[in-house]
Amino acid sequence: MKTNIARALAAGALAALLGGTLVACSGGDTDAAGGGKSDAAALDAALKKGGTIEYWTWTPQAKDQIAEFEKEYPKVKVNLTDTGGAGDSNTKLQNAISAGKGIPDVVQVEYQSVGQFQLPGYLTDLTQYGFADLKSKYTASTWANVTQNGGIWGLPQDSGPMALFYNKDVFEKYDLTVPTTWDQYIADAKKLHEADPTKWLVNDTGDAGLATSLMWQAGGKPFKINGQKVTINTDDAGVKKYSDMWSQLIDQGLVGNISGWSDEWYKALGDGTIATVTLGAWMPGILTSGAPDGAGKWAVAPMPTYDGGEAVTAENGGSTEVVPKGASNPVLGAAFLRWLNSNEKSIKVFMDDGGFPATVADLHSDDFLNYKSDYFGGQQINKVLAAAADSVISGWQYLPWQAYANTIYTDDVGPAFQDKSDLYAGIQKWLNDNVKYGKEQGFTVNG
Amino acid sequence: MTTMSAAAPQVAHERRRARLKTRLNLAGAGFVTPFLIGFALLVIAPVLYSLYLSLFRTQLIGGTSFVGLENYTQAFTDPKFWSGALRVLVFLVVQVPIMLVLALIAALAVDSGRLYGRSFFRLAIFLPYAVPGVVAVLMWGFMYSDRMGLTGYVNDLFGVQLITPYTRQWILTAIGNIVTWEYVGYNMLIFYSGLRSVSTELYEAAAIDGAGQMRTIFSIKLPALRGSIVVATIFSIIGSFQLFNEPNILKTIAPTIVTTNFTPNMYAYNLSFVGQQVNYAATMAIIMGVVTAVIAYVVQLRGSRQEF
């Protein structure tokens, strides 16, 4: 009798467990299937019905954007988690996905990391919610960043078309010409460093983000991604062009040995030790908060080009929000994401606090273009930066594992910076390391 | 009758003893259990899980599959792994003896009774250990800086690049200096407590026999410290093989020198958290664990022999 009861209990428990699993499975299935048939209207319905979503981001404006959103849709509650930065955020997301628990409904991802999450099938294709209709709102280069392998995986939040930021005071004092070509830039670098050996026109310690952006501007296309097939060209003309130009700076000892984003870097930007940075259009915000001593000294100009003539630039940084698979509330998440990166009010909050938008209309609005920056001594910086957004060269693709590739870039080119050895050899070693890594990760790589 | 009466208490006594013994055994188990639970959860389980992980491979394309010992064969032929392992070995061979000798001298000095302000010295030498590791490295990172720190002032003073910590030939020395600064006090405390346990009668006897300070050190104090020295050495070996914090923080300042595979721990960290190769990282952790255990065991065997 006793054993029978025990058996019955065990069977019941097992059934409950299985039932739970089945329910959980079917719950997931219905969501996915329902999602498959839904469109923009489903998102509107979800917003009306309300609910709670989890949002992970490191966007400084997120809190204000959420406040604005909850005012408009009082039934929706958005729980914000500040992930601190791209690196930590990727790790955290990867862990949640691996654990299959605590996956956010909406999460910020850098453009260069979209592939890392999309290819293994971790992201929800937003085409099903009618996101294709939003295409015309965004610049071509940012839209290309969120669409790959036949799907739409997010909406662009910001963009980082590159420009040259330079310290006017230093340029005037040492009689330097604002460079329009990289040749002129190298000449300036030499003139400045010879006049004052403690000052540098440029700093770099093998930063992969800067290097890939400069390869991009040189017309380089070392990576071609087609689903699980990755082509890595270890002898790309654009990559060579970048290497030839940058190694002139290194070989003549004109590159300051100061790492970007270090305390020393911020100090050097403030006191004129470093006279220029070539980075994305989000740089004004960084300068304002990170180098307050530089106020009134800095100015912005178009990025120097390799060949002179027509303005050509590249993107540097920038991110999107995505809806991961396994999110508990994907429909409402997609609805929030649509509002976040396409609604006028949201974008206004974003821009008011120094964000550089990815939306064409905002990039060309009079308010935006005529804005005079106090930090830049009253210069209408957005005119330069918006023009840069229009001259981004197309066709560049990042590796599906770009975040990892960036960490080992410095390992491979380090000797070139340290001992003035062959930079191009270092870059080729890096490309070959990526061929190896891609194969280890199951990609078909022909490099 | 007499035999009976003698045997009966004897048997009862035996029984009582046996009962007492089992009770004692149970009590012993009770005392050990909390530790065993912690040990199983915090040591055995993670090690087993790492072993399990090391037999699989997870790919961005293709998911997880069982690969047997493939990760191990890959690790044994991975130059990036072994260059890091070799680096920590060099670090170990040079830094650990220097640090332990300094700690020993400090302990002997504090123990000699001839030092004014003994407690002050003891605390001052120990204090760096109380500074959180990360803070200590950040602090030294600033001091090493040629543009912002002490190094810059010294170089300006002499007019030449006298100290250049952020170069390939000096970076390991620079890290060794930080680690030594951090842990001399800790090791000194181990030695000092060893010295305090030496009976003062031995010193008196030695003094009567006409032994001087040096003779006392070499004939009484050092032999008495043998156990402490072995323990401190083993701790230091483990610490060296696990070198991570110091180079990982200096990496932000000198990324072209401190590579992602500078030490085995950094390599495993970067592979698992950025490179998505958790399985391979677990494999390296197991290999490094075994290497460390073997070396520590050899040191222990060698150290517990009678002669030095």
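Convention: sequence-line order gives letters A, B, ...; per-chain numbering from 1. Because the structure is predicted, anything quoted here is derived from the model rather than measured. Values reported hereafter were calculated over all heavy atoms of this structure, with side chains retained and with hydrogens, waters and symmetry mates removed.
With hydrogens and angles left out, the side-chain atoms of Thr260(B) and Thr407(A) include no donor and acceptor closer than 3.5 Å. In this structure, a donor-acceptor pair under 3.5 Å is absent between the side chains of Ser54(B) and Asn71(B).
Checked against the 6.0 Å centroid criterion, the rings of Phe244(B) and Tyr269(B) qualify as a close aromatic pair. With ring centers used as reference points, Tyr404(A) lies under 6.0 Å from Tyr437(A).
Residue contact with chain B, scored on non-hydrogen atoms closer than 4.5 Å, involves the side chain of Asp419(A) exclusively. For a residue to count as touching a neighbouring chain, one of its non-hydrogen atoms must lie under 4.5 Å from one of that chain's; by this rule Gln94(A) touches chain B with the side chain only. Of the two parts of Gln74(B), only the side chain, counted from C-beta on, holds a non-hydrogen atom closer than 4.5 Å to a non-hydrogen atom of chain A. Using a 4.5 Å cut-off between heavy atoms, Asp204(A) does not touch chain B at all.
Chosen from Gln116(A), Gln441(A), Glu264(A), the residue pairing most often with chain B at heavy-atom distances under 4.5 Å is Gln441(A). Heavy-atom pairs under 4.5 Å with chain B peak, among Trp265(A), Phe417(A), Phe443(A), at Phe443(A). Ranked by heavy-atom pairs shorter than 4.5 Å toward chain B, the options Asp263(A), Thr273(A), Asn406(A) are led by Asp263(A). In terms of heavy-atom pairs under 4.5 Å with chain A, the best-connected choice from Pro255(B), Ser272(B), Gly62(B) is Pro255(B). Between chain A and the residues Gly275(B), Gly141(B), Ala254(B), the largest count of heavy-atom pairs under 4.5 Å involves Gly275(B). With chain A as the partner, the residue from Asn270(B), Thr252(B), Leu271(B) showing the most heavy-atom pairs under 4.5 Å is Asn270(B).
Electrostatic pairing of Asp251(A) and Lys420(A) does not count as a salt bridge here, judged by no charged N lying under 4.0 Å from a carboxylate O.
Heavy-atom proximity under 4.5 angstrom to chain B picks out nothing from residues 208-215 of chain A.
Relative orientation of the Phe117(A) and Tyr122(A) rings is tilted, given thresholds of 30° and 60° on the angle between their planes. Ring pair Tyr166(B)/Tyr144(B) is perpendicular by interplanar angle, where above 60° counts as perpendicular and below 30° as parallel.
Judged by distance alone, with hydrogens and angles left aside, the side-chain atoms of Ser247(A) form no donor-acceptor pair with the main-chain N or O of Ile250(A) at under 3.5 Å.
The heavy-atom pair separating Ser319(A) from Glu110(A) by the smallest distance is CB-CA, 3.6 Å. Scanning both residues, Leu423(A) and Ala416(A), for their nearest heavy atoms gives CA-CB, 3.7 Å.
Taking the ring axis of Phe262(B) as reference, the NZ or CZ atom of Arg87(B) stays within 45° of it and closer than 6.0 Å to the ring centre.
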